[in-house]
Amino acid sequence: MARIPYADVSALPAELQEWHARLPPDSHLFMMVAHSEASAATLMQIGLQQIRELELSARMRELAANATACVLGADYLRVRHNPPGVPMTPEERDAIHRGDHSGFDGIDLAVLTFATAVARGLPVDDDTFAPVRAELSDRQIVELIQVVGYYWMFGQFANVLRIESEPYKK
């Protein structure tokens, strides 16, 4: 059970009610973030920009998001963050959440290793940075760190506030 109640949609400002109407059903995370009316729309906008406007590929974003969720033990992200059309199998997602990167190689492994190090909040050593640097542009590296930070923040919201993690309803 969540530690604080979810925001009441009917009491939200019109802009946040519009955001809520565009989200998947039972967006518990959004209903927690909505308590911060000053920043909730900005956080949702950043999320959309990460989906629509980053140069970093959808697969790289998902690898990073799932590695971050694994580091945090963020069950909400594991269950809820499963966007349609992303080229990642359920088996790959499950392996990442077990901390098992053995089935990955090349840039996938480099991104997983890098994202895991960033999510842990420790300095990223040269051996971890070099494979990412060899494959990604400056912009993509910055976006990769940004994706980890974004999902780290939402993973912490979910964990600290004990947000329920039911799968999306069809």
Side-chain angles (χ1 to χ4, degrees), residues 22-24 26-30 32-33 39 42-170:
R22 290 187 261 170
L23 294 171
D26 299 324
S27 263
H28 294 140
L29 185 59
F30 174 79
M32 282 299 185
V33 172
S39 63
T42 301
L43 293 174
M44 295 299 108
Q45 183 63 40
I46 291 169
L48 280 178
Q49 288 169 329
Q50 289 195 32
I51 294 167
R52 297 179 180 161
E53 299 176 28
L54 296 189
E55 187 177 280
L56 193 66
S57 74
R59 181 166 175 85
M60 299 299 110
R61 294 191 311 263
E62 284 307 299
L63 290 168
N66 282 280
T68 303
C70 176
V71 167
L72 295 175
D75 193 54
Y76 184 91
L77 294 180
R78 181 187 62 77
V79 172
R80 293 289 291 201
H81 195 270
N82 191 3
V86 173
M88 181 177 289
T89 67
E91 294 79 20
E92 288 175 319
R93 189 177 312 278
D94 290 346
I96 294 168
H97 286 277
R98 289 191 311 271
D100 178 6
H101 299 173
S102 64
F104 298 91
D105 58 14
I107 188 59
D108 287 357
L109 181 58
V111 166
L112 283 169
T113 303
F114 182 83
T116 298
V118 172
R120 286 184 176 144
L122 302 173
V124 175
D125 62 36
D126 291 341
D127 289 338
T128 301
F129 185 76
V132 169
R133 181 69 183 130
E135 296 287 333
L136 300 180
S137 69
D138 296 348
R139 175 180 171 171
Q140 291 169 322
I141 292 169
V142 170
E143 290 175 352
L144 180 56
I145 297 166
Q146 195 177 293
V147 167
V148 171
Y150 186 78
Y151 285 100
W152 189 92
M153 175 182 57
F154 278 108
Q156 288 295 74
F157 274 123
N159 284 346
V160 171
L161 296 176
R162 296 185 184 153
I163 299 172
E164 287 91 0
S165 57
E166 299 91 3
Y168 289 126
K169 294 177 183 171
K170 302 280 183 191

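- Distance check: Gln49 CD to Thr42 OG1 gives 9.5 Å after rounding to the nearest 0.5 Å.
- What you find for Ala110 and Pro131 is that their closest heavy atoms are CB-CB, 3.6 Å.
- Around CZ of Arg52, the count of heavy atoms belonging to other residues, nucleotides or ligands within 6.0 Å does not exceed 12.
- Rounded to the nearest 0.5 angstrom, Ile145 CD1 and Trp152 CH2 are separated by 15.5 Å.
- Using a 4.5 Å heavy-atom threshold, the side chains of Met88 and Leu63 count as touching.
- Of all heavy-atom pairs between Leu144 and Ala64, the closest is CD1-CB, 3.5 Å.
- From Leu136, atom CG reaches atom CD of Glu55 across 9.0 Å, with rounding to the nearest 0.5 Å.
- Across all their heavy atoms, Arg22 and Leu48 have their closest contact at NH1-CD1, 4.5 Å.
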Test log, rule side chain to side chain contact (heavy atoms under 4.5 Å, CB included), inputs Asp108 and Met60:
CA-CA 7 Å; Asp108 287 357; Met60 299 299 110; 3.1 Å; yes
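- At least one donor-acceptor pair closer than 3.5 Å links the side chain of Arg61 to the backbone N or O of Gln50.
- The backbone N or O of Ile46 lies less than 3.5 Å from no partner atom in the side chain of Tyr150, so there is not a single donor-acceptor pair.
- One finds the CD atom of Gln146 at 9.5 Å from the CZ atom of Arg139 (value rounded to the nearest 0.5 Å).
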Intermediate values then yes/no, side chain to side chain contact (heavy atoms under 4.5 Å, CB included), Leu43 and Phe30:
CA-CA 9 Å; Leu43 293 174; Phe30 174 79; over 6 Å; no
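- The nearest pair of heavy atoms linking Leu77 to Gly155 is CD1-CA, 3.7 Å.
- Distance check, rounded to the nearest 0.5 Å: CG of Leu112 to NE2 of His101 gives 4.5 Å.
- Here the straight-line distance linking atom CD of Glu53 with atom CD of Glu143 works out to 10.0 Å at 0.5 Å rounding.
- Here the closest non-hydrogen pair linking Leu29 and Ala158 is CD1-N, 4.2 Å.
- For Asp125, the CG atom is densely surrounded, since the number of other residues' heavy atoms within 6.0 Å is greater than 12.
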Step-by-step side chain to side chain contact (heavy atoms under 4.5 Å, CB included) determination, Ile96 to Arg93
CA-CA 5 Å; Ile96 294 168; Arg93 189 177 312 278; 5.7 Å; no
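- Contact check for Arg59 versus Glu92: side-chain heavy atoms found under the 4.5 Å cut-off.
- Closest approach of Val147 and Ala65 over heavy atoms only: CG1-N, 4.4 Å.
- No close placement of the Phe154 and Tyr151 rings is indicated, their centers lying 6.0 Å or farther apart.
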